[in-house]
Amino acid sequence: MMMTTPRTLYFRRQRGFTLLELMAALAIVILLAGLSWSSYQHYVSRARRAEGRAAVLQVLLQQERQFAYRHRYQAFQPGPAETGFKWYSGGTPATSAYAISAQACAGEDLASCVQVSATPGGAHVNAAYRDSQCGVLRADSRGTRSADGSDCW
């Protein structure tokens, strides 16, 4: 008859996790990450869109100051040329989602109306960003706001 001592019982006990338990835990983590990824992307897209709207409104305020001094708005295109207007939506051009530009409203001249546009992605800003739901955001000096999609403002 073999006697078991506390020392032999200590070595016979299993310690740690089995491969099956680790695989089950990993599968649960992957499932939860997959479910939350689309929700995360939705919130990132909404935050970037808010960044674009804020940049358009900020440039419109600058355009109104320009009009108060010179009785004329100023057109500009996105790019590093010195215009006095911020042509990107974020902190730096590389991290910005939208490129900002200004031009005369359709059928008008710069003495009466300016339209500011925020174009997602592009050569001068984060080219990887796309906004298929809203596209280009626009606002003009008469208070009209529009976008390529619906429910964007």
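Below, each value reflects all heavy atoms present in this structure, side chains not excepted, and no hydrogens, waters or symmetry copies. What you see is a predicted model, and the numbers here were worked out from it, not measured in a lab.
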Closest contact, heavy atoms only, [X] versus [Y]:
X      : Y      : value
Val56  : Ser117 : CG2-C, 4.4 Å
Ala139 : Leu60  : CB-CD1, 3.6 Å
Ala104 : Glu108 : CB-O, 3.7 Å

Stepwise side-chain contact (heavy atoms from CB on, under 4.5 Å) check, Phe76 with Val59: CA-CA 11 Å; Phe76 67 91; Val59 169; 3.8 Å; yes
Qualifying disulfide bond (SG atoms under 2.5 Å apart) pairs, either residue in residues 120-153, two or more places apart: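 Checked against disulfide bond (SG atoms under 2.5 Å apart) - neighbours excluded - the pairs reaching residues 120-153 are Cys134-Cys152.
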Within residues 86-123 or reaching into it, pairs that qualify as disulfide bond (SG atoms under 2.5 Å apart) - sequence neighbours excluded: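 Listed once each, the pairs are Cys105-Cys113.
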Lys/Arg-Asp/Glu bridge criterion (N-O < 4.0 Å) met for Asp131, Arg49: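 A salt bridge links Asp131 with Arg49.
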Does any part of the side chain of [Y], heavy atoms only, come nearer than 4.5 Å to the side chain of [X], both counted from C-beta?
X      : Y      : value
Ser141 : Tyr73  : yes
Val125 : Tyr98  : no
Arg138 : Asp148 : yes

Which value, rounded to the nearest 0.5 Å, describes the distance between [X] atom [atom1] and [Y] atom [atom2]?
X      : Y      : atom1 : atom2 : result
Phe67  : Ser112 : CZ    : OG    : 8.0 Å
Ile100 : Thr119 : CD1   : OG1   : 7.5 Å
Gln62  : Gln58  : CD    : CD    : 5.5 Å
Gln77  : Trp87  : CD    : CH2   : 12.0 Å

Any sub-3.5 Å donor-acceptor pair from [X]'s side-chain atoms to [Y]'s backbone N or O?
X     : Y     : result
Ser89 : Ser96 : no
Ser45 : His42 : no
Glu51 : Ala97 : yes
Arg72 : Tyr69 : no
Gln74 : Gln63 : no
Ser36 : Leu32 : yes

Ring geometry between Tyr40 and Trp37 (parallel below 30°, tilted from 30 to 60°, perpendicular above 60°):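 Tilted.
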Contacts of Glu64 that satisfy salt bridge (Lys or Arg N to Asp or Glu O under 4.0 Å) - sequence neighbours left out: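 Testing Glu64 for salt bridge (Lys or Arg N to Asp or Glu O under 4.0 Å), a comparison that skips the adjacent residues, returns none.
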ILVMFWY cluster, Val116 and Val136 together (side-chain gap under 4.5 Å):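 Hydrophobic grouping puts Val116 apart from Val136.
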side-chain contact (heavy atoms from CB on, under 4.5 Å) between Arg145 and Leu57, worked out: CA-CA 10 Å; Arg145 297 176 183 174; Leu57 295 177; 3.8 Å; yes
Distance-only donor-acceptor check, side chains Thr144 and Gln115, under 3.5 Å: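 Note: Thr144 and Gln115 side chains miss the donor-acceptor criterion.
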